[in-house]
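Order of the sequence lines fixes the chain letters, A, B, ..., with proteins taken first and strands second; residue numbering starts at 1 for each chain.
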Amino acid sequence: MTEYTPSEIEARWQAAWDKEGVFTAVRDETKPKYYVLEMFPYPSGRIHMGHVRNYTMGDVIARYKISTGHNVLHPMGWDAFGMPAENAAMAIGGHPKTWTYDNIADMRGQMKPLGLSIDWSREFATCDPEYYGQQQALFLDFLVAGLIHRKNASVNWDPEDMTVLANEQVIDGKGWRSGAEVEKRDLTQWFFKISDYADELNAALKGLDNWPAKVRLMQENWIGESRGLQFAFSTTANAPKDHDRIEVYTTRPDTLNGASFVGISPDHPLAKALEADNADLAAFCAECRKGGTTAAEVETAEKIGFNTGITVRHPFDTDHHLPVYIANFILMDYGTGAIFGCPAHDVRDFEFATKYELPIISTFLPTEDADPKVTEAYVPMKTEKVFYNGGFAGKQWQTGEQAIAAAIDFCEAKGIGQGVTKYRLRDWGLSRQRYWGCPIPVVHCDDCGVVPEKKENLPIELPFDVTFDIPGNPLDRHPTWRNTACPSCGKAALRETDTMDTFVDSSWYFARFTSPQADTPTVKEDAEYWMNVDQYIGGIEHAILHLLYSRFFARAMQITGHLPEVAIEPFKALFTQGMVTHEIYETKDERGRPVYHLPEDVTDGKLKDGTEVQITPSTKMSKSKKNVVDPLGIIANYGADTARWFVLSDSPPERDIEWTASGAEAAYKHLNRVHNISTRIAEMDKDAKGTGDDDLLRAMHKAIHDVTVGVESFGFNAAIAKLYGFTAVMQKTKAGYAAQHKAIKVLAQLMAPMTPHLAEDIWATQGGTGLATTAPWPKADEEMLVDDSVTLPIQINGKRRGEITVPADMPKDAVEKLALATQAVQKALVGGTPKKVIVVPGRIVNVVV
RNA sequence: GCCCAAGUGGCGGAAUGGUAGACGCGGUGGAUUCAAAAUCCACUUCUGUAACAGGAGUGCCGGUUCGAGUCCGGCCUUGGGUACCA
């Protein structure tokens with residue numbers, strides 16, 4: 001009996017696939033194409049279990065599609081720009097470029113042994129000038145098409161290091177290196193006009209039938225379409241010049257009678273105008289600018305306000321004046337940056353009104369006789385009918401939705417305001433004040449202003465001679481790189497030193513894979529043939545930003561002629577896998593800042609030198625937290641097939657898994673078992689007859705059916721459970737050679753997407769034609785799937801009390817008769833008659849007594 | 001804070017509204033062996049029983065249904081996202 005030696009088998013078959021070029025994708029109009037893509041990795045340096053899980057899933061799909069006759073495109077690349085490379089340069093010296101390309105080489109070396117069906121000839125990294133140069137070309141085309149503009153936006157500013165910080169670099173409101181209190185600061189930045197497409201991006205979600213409903217819902221909420229009223233309060237005499245009106249937007253115009261104050265953002269033009277000659281007010285605005293820019297930070301900060309002393313007239317009653325407050329919870333970039341507060345029906349306004357002793361006026365009540373004095377904000381669902389006591393529009397009893405519509409109609413008729421649809425989605429700021437990214441291809445000229453670079457000058461390459469010893473963007477302090485000639489007038493000018501958000505890089509790489517070496521961003525024929533991505537697979541953490549940005553980019557690329565109309569929604573089907581999580585091990589350095597440790601350096605909660613680590617419960621594996629596990633050990637010890645089988649078998653793909661080391665051994669044992677069965681069959685007498693051929697073949701057809709369903713529905717763990725079952729049948733069977741030989745070949749094929757090397761080995765041992773990889777997928781015989789008889793449970797009042805075995809095609813009334821005659825039912829009936837009998841054919845019998 | 005998920009044996013998990021716990025891990029017992037490893041077989045939710053029988057049970061509280069892990073309402077806990085982590 002030959003032994004199962006994965007290292008030998010795997011190397012041999014990988015060489016065979018390479019030699020045949022089975023994974024090299026070539027356009028072939030005679031075959032249906034299938035584009036399967038896993039979200040490409042950030043080259044952190046080592047692959048981790050999350051990668052193995054992600055790529056193995058994609059590989060199962062890709063290999064299954066190859067065997068069902070598709071022309072498969074399955075590429076791989078590197079999301080190679082980003083902060084960790086700069087952080088590494090700062091922490092350990094070296095250059096981001098060397099660090100990144102070394103990491104890519106390491107990770108490619110770690111991925112190749114997995115035997116993935118990847119077309120490596122299409123590989124690229126986003127930090128290749130050949131890639132980001134094309135991205136700069138896209139930028140210029142988008143600029144011409146009016147898809148990009150410049151405006152102010154606030155960033156996290158570290159006043160000690162004099163640098164912009166990423167949200168991740170702000171810890172408890174302080175800069176991660178300096179420890180200084182972070183503040184918000186306005187910068188002029190480049191933006192993609194994604195908000196112009198809010199309506200369309202929202203509407204098109206409905207067509208994404210093969211996306212998870214939760215992702216569509218998250219995107220819908222993120223885009224945040226709302227219908228409301230926009231109108232202006234007129235200010236009374238004491239307002240500064242040019243501020244005789246304050247525009248507000250409200251989604252609850254039905255509560256206008258409950259307005260007790262007007263709130264404006266600290267960044268509102270009126271607030272800025274007042275700051276000039278009111279020191280207290282300016283101090284308050286400065287206070288509001290403390291802290292970071294994240295929504296979570298802004299929303300959870302204590303709600304504070306400042307009475308400007310200005311008042312406005314209520315639109316319905318101009319003698320009724322409302323105070324104007326500056327409030328820290330009002331965002332300038334949503335709506336108009338100003339609101340009216342209705343404390344009776346908004347939790348936040350209630351809190352604010354209580355704090356500043358403002359009136360709380362109910363406009364609707366749960367019942368007609370309810371006390372209008374409220375002790376907490378009354379916020380029923382908009383679909384709930386309530387009693388409007390101070391109603392000015394619509395019926396007294398109506399739902400919030402009806403009242404809002406009536407209020408808008410009323411205000412429009414009176415000329416007070418207009419009903420408008422607004423979106424929460426903001427424009428996408430793409431400027432980053434960092435080195436390791438795609439340079440924004442524009443030039444600042446004293447005479448011509450901001451001038452786009454000429455396309456023939458692309459790529460604008462990053463200079464290599466930079467240092468990271470001082471915080472901030474090295475491009476800013478580079479002695480020569482900035483100096484250039486104005487593309488318009490030719491005079492000396494300065495390059496833009498901001499680089500692009502790395503989300504830009506990942507917003508079109510899927511399109512680039514269709515013609516990765518082209519000297520234009522895409523090539524028409526290739527894009528038309530390969531787009532869209534038929535199956536996209538990646539982490540749920542990308543549900544909103546990456547996927548929304550990519551949807552926007554596909555539209556922008558279509559407008560600028562880089563993608564066909566059909567690619568407007570680039571991902572036909574999406575599967576979001578769960579994350580691989582792990583505990584975090586943390587110690588503190590001498591300044592009290594956190595230092596993270598790899599799991600391999602921690603034993604029993606201690607470092608090698610005996611220092612105790614603080615353990616934080618499992619979260620997403622991340623390079624910065626160092627809670628990553630190395631799959632290479634498993635591959636080295638048991639082979640790639642074991643690693644692949646194991647990551648697929650243990651958990652449903654969409655769920656997070658906490659990595660534990662046990663279980664890999666079991667996977668290995670199982671593959672050994674299958675190998676041994678194959679060897680045993682190969683050594684059988686070819687004319688051997690046996691018993692139970694039909695049972696074996698029925699089990700085989702069931703396995704074909706179940707595994708096919710499992711693979712097509714991402715039920716990989718369920719498919720593997722069925723394969724365990726079928727293997728157990730094969731282990732015990734006494735069937736003849738012909739049936740067993742047929743069954744083992746089918747087993748090899750069914751396992752091939754998951755354990756391709758072992759499958760090829762068995763296929764060859766059993767004398768299969770060609771490669772198992774390209775052999776046509778087996779088909780289940782429908783007739784072999786139906787059993788002659790079924791066992792039905794009998795319930796009495798919903799509780800299982802017995803069972804009967806009946807022919808599968810027995811009519812309902814006959815089944816009922818048999819069920820009623822059983823001892824269990826007779827005992828429960830005690831001579832009486834049942835109230836009701838439910839017979840679900842093939843399923844269950846329930847007797848109600 | 002807000003948006004989206006998840007919660008089932010000792011553990012990972014299975015279950016088109018229809019027998020809760022498939023399959024795997026771990027555990028217990030057995031076969032094989034001089035012995036062990038490996039392999040194979042059986043049992044393994046809790047409670048209860050000599051064995052049956054019976055009872056309880058899918059985070060918590062309530063509801064819909066002949067029937068709920070699954071659907072609805074309200075909570076709790078954990079995870080993801082929250083626009084400069086990728």
Heteroatom pairs (N/O) under 3.5 angstrom, protein to nucleotides 51-56 of chain B:
from  : atom 1 : to     : atom 2 : distance (Å)
B:G55 : OP1    : A:R801 : NH2    : 3.4

Under 4.0 Å between a side-chain N/O of [X] and OP1 or OP2 of [N], yes or no?
X      : N     : answer
A:T502 : B:A86 : yes
A:N167 : B:A83 : yes
A:Q169 : B:C85 : no
A:K214 : B:A5  : no

NA contact type, [X], heavy-atom cut-off 4.0 Å: base, sugar-phosphate, or nothing?
X      : result
A:I838 : base
A:A296 : base
A:W222 : base
A:L425 : base
A:G725 : nothing
A:S431 : base
A:G429 : sugar-phosphate

request  = Give none if B:A20 has no partner; otherwise give the nucleotide forming a Watson-Crick or G-U wobble pair with it, both distances under 3.5 Å.
outcome  = none
Donor-acceptor pairs under 3.5 angstrom involving side-chain atoms of residues 184-191 of chain A: please list them, not counting sequence neighbours.
from   : atom 1 : to     : atom 2 : distance (Å)
A:K184 : NZ     : A:C288 : O      : 3.1
A:K184 : NZ     : A:K290 : O      : 3.2
A:T188 : OG1    : A:N152 : OD1    : 3.1
A:W190 : NE1    : A:E496 : OE1    : 3.0

request  = Please name the pair of heavy atoms, one in A:A166 and one in A:R434, separated by the smallest distance, quoted to 0.1 Å.
outcome  = CB-NH2, 4.0 Å
